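Here the structure is a predicted model, which means the values were calculated and not measured.
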Amino acid sequence: MARTCGTSMYGTGLTALAELLQRFTAERRILVGTPVTRRDDPSYAGVIGPFLNTVVLTCEVAPDLGFAERAAATRSAVASAMAHRAHPFERLVAELPGARDGGRTPLFTVMFTADERGAAGTGDGSELDAGPGLTVRREQYADHAAEFELSFHLDNSAELLELTAEYDGALFSAARATRLLRHWADLLLRAAADPGRTPAGTPLPDAESAELAALADNCADRPGARITDAAGRPVPVGVPGDLSTGAGATGLRAHWSERGELVPRGRAGRLVPDPDRPGTHLDPAEAELLLLAHPSVRAAEVRAAAPGEPGPLTAHVTAHPGHTVSPGALRTLLRRALPLRLTPATVHVTTEADRPAQTQTPAPAPAQVAPPVAQPAAGPAELVAQAVAEALGHARVGPDEDFFDLGGGSLDAVAVAARLRIALGRDVSPRLVFDSRTPAAIAEAIAAVAPAPGQAAAPDQATAVGHDDGPVRGSATGPAPLSTEQTEIWQALQGGAAPAAFVVFEALRVTGRTVDPHALRQAVEHTAARHDALTSRLVVTGAGPRWQPLTVPRTCWAEDDLSALPEAERAAALDALAQRHLEQPFDLAAGLLLRARLVRLADHEHVLLLAVHHIAVDGRSMELLVHQTAAAYEEFAAGGWPADPAGEPPLRLADVARWQQERTPADADGDWRRALAAGPPPQLPLPYDRPRLVRGALMPTELPFAFPAPGAGSFGRADGLSPFTLGLTALVAALARGGGDTGGTPDEVWLATVLSTRSRPGLADVVGPLTGTALLRVPIAGARTHRELARAVGHALLAAHDDPAAALGTVAGLAEGEFGVDRARLSQILVVAQEDAAPAPGALFTPDGSIAATRPTATAFDLVWSLRTGEDDADGVLTYKGELFDDATAQGLVDRTRQALEALIAHPDEPWQEQR
């Protein structure tokens, strides 16, 4: 048949595939992608490289043309496209306005490939030429992520014609993919039997026709239900069409699901504007059809919610005479069958006489606490005491109470300074808080450095500012700049950092109760939809990367059931599932930033796996999401609707990003520019066991440690040093001493640490990556004793907190763009303040640390120290690259840090470079 039509098997398969896609989409113009190679050019023959490009093929499916005529048109379309096969696909996407859609592969969603008998191919065949006497074949495996929504492959290289489909499991079921393949095969067979047949005259496969007849006969809700296209022809399972019954047309559209259920798909002319997403609409007909299927419902209408009602939709139902129907039961019926946005939040039930009978709405929101009564203006010391109390979580703080005795640290000093900026209208340095220690002394220090008329303020202390009250709620439309922390992550990914290093993963176990999967999915989607960090996508414009709100938020949900496995095998199977869930790539351009997978282990034991891209969340964000999801689940599981927070909507990540951009002066990177111009960043003399052979983040090794540190707490309070400063000082002393492969002790130490902007009022409950990596520059050449070194470390920490240009991404962009310094040379180590174990996030979920995927899989630094210094002890985890350090070397670094901390506490005024 292909020879008769004057086309190849590639063109024949593509012609049938276009007809298949037209049948399932009702689109006449079909766009399909296909890979092409440039290895037909002899100059590329011996060169290793990705000489592949993607070409978009346009196939027109005319309903009245025979297969042979359409195959000839396909041949012309392929030849026309191949004439431009050297034009890079990404450049084509960039040049076409509107080509990149956040929810799809650009320009096309279906890929087509073929292997033909006797063809040279593109080098992807299974048998490899390994020389005489040796046969090498590729083994096929499918343990990888789908690159496209649908990929179809035709293999004509052997005796049988083999058709294969690869599909995105988040969008298609195995049954749907198998059905598509069967239709494709049927279309090819019918074309071989009759090349003159037209799409309009081609019936469905015989098995499909029999299946549809059985569905119509067995449909209890709609006896004799038939679904047809505009011409009255039956449509396949899964394809929407016009619904009719034995009584005639219904005016509704529907489709048959793979499970044989009748699924409503809406009705024309009944769209309701979505109040939360301007420019989009909701179709209430699906909910109406479900309500009408209830035996006690005579009439149903779903319309926009009235002012003051929760949710975007409200249902109004009239019961049959003599029938009683519960609004809660109807809400449960709707909730189990519809997406969250299409589920009416309120159901009103009326009697035959249209008298209001019952109304089911969510529980009212808790009563709001009345705003505090205005108090007389407080003096400077009282304002400072109030700021200290709020930052440290105390009800009241006296004017002479010591900041460190109250439990303060460097992060708390930043929080106090941020509150004082707002209260006093001037810029207060965290270092001033750190050095003055009591509210009274802090107030005096602020007054002492207040600038006289015409004079500049003292540097690094308090200066008058025009207006910096922190972020404010802005417009939700249009692209926003990336926050400082998002920019850092984006630059790291652009620089080749391992994507696995930017996945925030949680495994949450639910025991002792059953779980409603649909309610939990609704809870996850409802929670994600509340936060712009999870409902936006990354777009690259001429002005750089931007965060664009999505019209329709996207989350990925999956379910697995391991309960049938023997109990001894479930843990390993759960580990494998979690690992695949963790490693599945994210699509930042599509806005797919959150993946949730519910794993059923037994009737009363489930595990929820959450994987979120770090560009959208940090650790605090995950706590918020878990708490909010648990609360929303309880509402949905009870048939209710989560009450939205009353009052002004909270700050969004976009508001924070704009505020960061506005408060960063144009010359903020001046100190870093001068430091980089003076020479390459100083390198710590680390004891590497092997040279660095590759760049990037490989599998790390963890070494937990704990050791006594008697008197650490009291020593720190006496000297005004936070616990983290003590531990960091010991680490700097241990690592900066000579003895490694990079020479002697440097004059300055550059190291990375994690800092948070959440200390700013109003940012505690914003979901987003507000915890970022900053660079510290610790001048150690002028520090002779342990005490002097500790003060230098403390001052460097405070300076980084107050320096918007200290963000690692900002310095890396400057270093790589202007000075040719690789970001990996900026810091070899990352130091993280390890917090005390947080309580379990609510009654529903319990964190499950036993799953292997919850452990680190990649690191961009040679060493990562997670360190906690307590009252009389210290502990943490050293994560190191096993390709650079032996286990014994890593243990030696821990021992040196322990010795340095002991020396700092016992002999603070002795030289820190002398090893005891």
Q: His581: which residues meet the ring-ring contact (aromatic ring centres under 6.0 Å, His included) condition with it, sequence neighbours left out?
A: none
Q: What's the separation between atom CZ in Phe845 and atom NE2 in His627, rounded to the nearest 0.5 Å?
A: 11.0 Å
Q: With sequence neighbours left out, write down each residue that passes side chain to side chain contact (heavy atoms under 4.5 Å, CB included) with Val515, or none if nothing qualifies.
A: Val510, Leu520, Leu598, His606, Tyr633
Q: Just checking, any donor-acceptor pair under 3.5 angstrom between side chains of His183 and Glu208?
A: yes
Q: Salt-bridge test for Asp560 and Arg600: reply yes if a basic N is under 4.0 Å from a carboxylate O, no otherwise.
A: no
Q: Determine whether Arg597 and Glu559 satisfy the following criterion, side-chain contact (heavy atoms from CB on, under 4.5 Å), listing intermediate values before the conclusion.
A: CA-CA 5 Å; Arg597 179 180 294 271; Glu559 296 176 25; over 6 Å; no
Q: Minimum heavy-atom separation for Pro234 to Leu204, with atom names?
A: O-CD1, 3.8 Å
Q: Run the side chain to side chain contact (heavy atoms under 4.5 Å, CB included) test against Ala596 and tell me which residues pass, sequence neighbours left out.
A: Val524, Trp557, Leu594, Leu608, Leu610
Q: Going by side chain to side chain contact (heavy atoms under 4.5 Å, CB included), name the residues that satisfy it together with Ala175, two or more places apart in sequence or in a different chain.
A: Ser173, Glu258
Q: Can you list the residues that meet the ring-ring contact (aromatic ring centres under 6.0 Å, His included) rule with His323, with sequence neighbours excluded?
A: His320
Q: For Ala632 and Thr527, which heavy atoms make the closest approach, and how far apart are they?
A: CB-OG1, 4.3 Å
Q: If you look at every heavy atom in Ala528 and Leu534, which pair is closest and at what distance?
A: O-CB, 3.8 Å
Q: May I ask you to decide if Gly768's main-chain N or O and Ser621's side chain share a donor-acceptor pair within less than 3.5 Å?
A: yes
Q: Thr350 side chain to Val317 main-chain N or O, any donor-acceptor pair under 3.5 Å?
A: yes
Q: State which residues pass salt bridge (charged side-chain N to carboxylate O under 4.0 Å, His left out) with Arg190; sequence neighbours excluded, sorted by chain then number.
A: Asp186, Asp206
Q: Applying side chain to side chain donor-acceptor pair (under 3.5 Å), run through Gln628 and His531 and close with a yes or a no.
A: CA-CA 11 Å; Gln628 293 170 7; His531 304 288; 2.7 Å; yes
Q: Could you report the tightest heavy-atom contact between Arg303 and Glu301, atom names first, then the distance?
A: NH1-OE1, 3.1 Å
Q: Has the side chain of Glu309 got a donor or acceptor atom that lies under 3.5 Å from a matching backbone atom of Ala306?
A: yes
Q: Tell me whether the guanidinium CZ or amine NZ of Arg595 lies under 6.0 angstrom from the six-membered ring centre of Phe586 and within 45° of its axis.
A: yes
Q: Under a 3.5 Å distance rule, please check whether Glu506 uses its side chain to pair with a backbone N or O of Leu609 as donor and acceptor.
A: no
